[in-house]
Undergrad: 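Quick one: the structure is below, and I'll ask about it shortly.
Heavy-atom basis, side chains included; hydrogens, waters and symmetry copies ignored.
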Amino acid sequence: QKNIKNIKNKLLLALCGIKSIDNKLLEWTLFTIKKNPQIKILIKPHPILPLKNLIEIEQKLIDSQIFISNESVQKILNKAEILVSSGPTSIILESLVNKCKLFYLLLDPCDLLTMKYIKVPKNNFKFIESKFMLLKEMSKANNSKRIYIKNNLRNFLYEKPNKKNIRILI
């Protein structure tokens, strides 16, 4: 594992802890970085499912394009502009609160409902439907300048429960 304390990555891949979803996340991400060697990505493994239990990542990619971190979610989100994830993981909401853009891989038909009920502003996330779309969006993001996301999710998630904001918990 490399020292990543001073690395500021645009792209963060957060695994959710469900083996089938995490394997698909890794498969699509590995496809993308093999096609575009300019892309570098930080991977945050889920605490309940170590990377060694998932599909194998080539050492040459780890040496050049992939950084693996077990730092706290808050520290990692401060290093990222875009979160790539899918499945049931709290880092998705935490990333939006920290003004990261979300690339959400559509791996399950219920995923569309998730964003509908959370009511995430459409400019804060993008549904990714294929590994080719992921390649296109990651390449575009990798070549762009800093992305600034305006949101009021921090206020919405960290205020006292009331009838209006309790729906996020149901």
Side-chain angles (χ1 to χ4, degrees), residues 1-18 21-55 57-105 114-115 118 120-121 123-128 131 133-158:
Q1 234 176 356
K2 289 182 240 168
N3 183 359
I4 59 160
K5 289 183 181 174
N6 296 322
I7 295 172
K8 175 81 174 158
N9 274 9
K10 281 189 177 185
L11 301 165
L12 166 65
L13 173 67
L15 304 177
C16 71
I18 298 173
I21 294 174
D22 287 351
N23 278 332
K24 191 61 85 171
L25 282 165
L26 283 170
E27 177 190 323
W28 286 19
T29 302
L30 292 174
F31 169 82
T32 298
I33 63 174
K34 285 177 183 175
K35 295 282 186 189
N36 185 343
Q38 302 300 315
I39 294 175
K40 296 184 182 345
I41 192 158
L42 182 63
I43 296 179
K44 169 71 171 138
H46 196 278
I48 64 169
L49 187 60
L51 263 176
K52 66 181 181 183
N53 295 346
L54 299 169
I55 61 175
I57 302 172
E58 296 172 34
Q59 188 61 42
K60 70 177 184 176
L61 292 176
I62 293 175
D63 292 340
S64 61
Q65 292 177 268
I66 294 176
F67 304 93
I68 300 168
S69 175
N70 288 311
E71 286 183 306
S72 73
V73 169
Q74 193 61 43
K75 284 182 181 178
I76 287 179
L77 289 174
N78 287 333
K79 295 178 182 177
E81 291 180 30
I82 299 171
L83 173 71
V84 179
S85 196
S86 190
T89 178
S90 63
I91 197 170
I92 290 171
L93 283 178
E94 292 175 65
S95 71
L96 294 169
V97 167
N98 283 288
K99 299 183 179 176
C100 289
K101 187 168 180 147
L102 173 63
F103 288 172
Y104 193 89
L105 278 58
T114 302
M115 292 302 163
I118 295 175
V120 176
N123 64 338
N124 290 14
F125 76 95
K126 183 173 272 301
F127 283 121
I128 306 294
K131 57 186 174 185
M133 186 176 180
L134 182 63
L135 171 62
K136 177 184 167 197
E137 293 300 328
M138 282 178 127
S139 297
K140 189 168 33 169
N142 196 53
N143 294 329
S144 69
K145 292 184 179 179
R146 175 101 173 122
I147 299 169
Y148 293 97
I149 302 293
K150 293 169 76 175
N151 69 38
N152 62 351
L153 290 173
R154 183 177 297 271
N155 295 338
F156 182 73
L157 292 173
Y158 296 112

Undergrad: Would you check, one step at a time, whether the test side-chain contact (heavy atoms from CB on, under 4.5 Å) holds for Lys79 with Leu12?
TA: CA-CA 8 Å; Lys79 295 178 182 177; Leu12 166 65; over 6 Å; no
Undergrad: If I take atom CG from residue Leu49 and atom CG from residue Leu54, how far apart are they, to the nearest 0.5 angstrom?
TA: 4.5 Å
Undergrad: Report yes if the side chains of Ile21 and Leu105 come closer than 4.5 Å at any heavy-atom pair, otherwise no.
TA: no
Undergrad: If you round to the nearest 0.5 Å, how far is NZ of Lys44 from CD1 of Ile76?
TA: 5.0 Å
Undergrad: Measure the spacing between CD of Glu137 and OG1 of Thr32 and express it to the nearest 0.5 Å.
TA: 10.5 Å
Undergrad: Show the nearest heavy-atom pair for residues Met138 and Phe103, with the distance to one decimal.
TA: N-CE1, 4.1 Å
Undergrad: Where is the tightest heavy-atom contact between Cys16 and Ser86, given as atom of each residue plus distance?
TA: CB-O, 3.4 Å
Undergrad: Which value, rounded to the nearest 0.5 Å, describes the distance between Phe31 atom CZ and Leu26 atom CG?
TA: 15.0 Å
Undergrad: Can you name the side-chain hydrogen bond (donor to acceptor under 3.5 Å, both in side chains) partners of Lys35, sequence neighbours left out?
TA: none
Undergrad: Looking at every non-hydrogen atom in both residues, tell me the closest pair between Trp28 and Ile128 and how far apart they are.
TA: CZ3-O, 3.8 Å
Undergrad: With sequence neighbours left out, write down each residue that passes side-chain hydrogen bond (donor to acceptor under 3.5 Å, both in side chains) with Asn53, or none if nothing qualifies.
TA: none
Undergrad: Should Leu102 and Asn124 count as side-chain neighbours, where that means a heavy-atom distance under 4.5 Å?
TA: no
Undergrad: Which residues satisfy the side-chain hydrogen bond (donor to acceptor under 3.5 Å, both in side chains) test with Ser90, sequence neighbours excluded?
TA: Glu94
Undergrad: Let me see the working for Glu27 and Asn23 under side-chain contact (heavy atoms from CB on, under 4.5 Å), right down to the final yes or no.
TA: CA-CA 6 Å; Glu27 177 190 323; Asn23 278 332; over 6 Å; no
Undergrad: Just verifying a value: how many Å separate Leu11 CG and Thr29 OG1, rounded to the nearest 0.5 Å?
TA: 9.0 Å
Undergrad: Can you give me the closest heavy-atom contact between Leu83 and Ile92, atom names plus distance?
TA: CD2-CA, 3.9 Å
Undergrad: Specify the closest pair of heavy atoms between Ser69 and Pro45, including all atoms of both residues, with the distance to one decimal.
TA: O-CD, 3.2 Å
Undergrad: Calculate, to the nearest 0.5 Å, the distance between atoms OG and CG belonging to Ser72 and Leu77 respectively.
TA: 8.5 Å
Undergrad: side-chain contact (heavy atoms from CB on, under 4.5 Å) for Asn98 and Gln74? Distances and angles first, verdict last.
TA: CA-CA 8 Å; Asn98 283 288; Gln74 193 61 43; 2.9 Å; yes
Undergrad: Where is the tightest heavy-atom contact between Ala14 and Ile91, given as atom of each residue plus distance?
TA: CB-CG2, 3.5 Å
Undergrad: Does any part of the side chain of Lys40, heavy atoms only, come nearer than 4.5 Å to the side chain of Asn142, both counted from C-beta?
TA: no
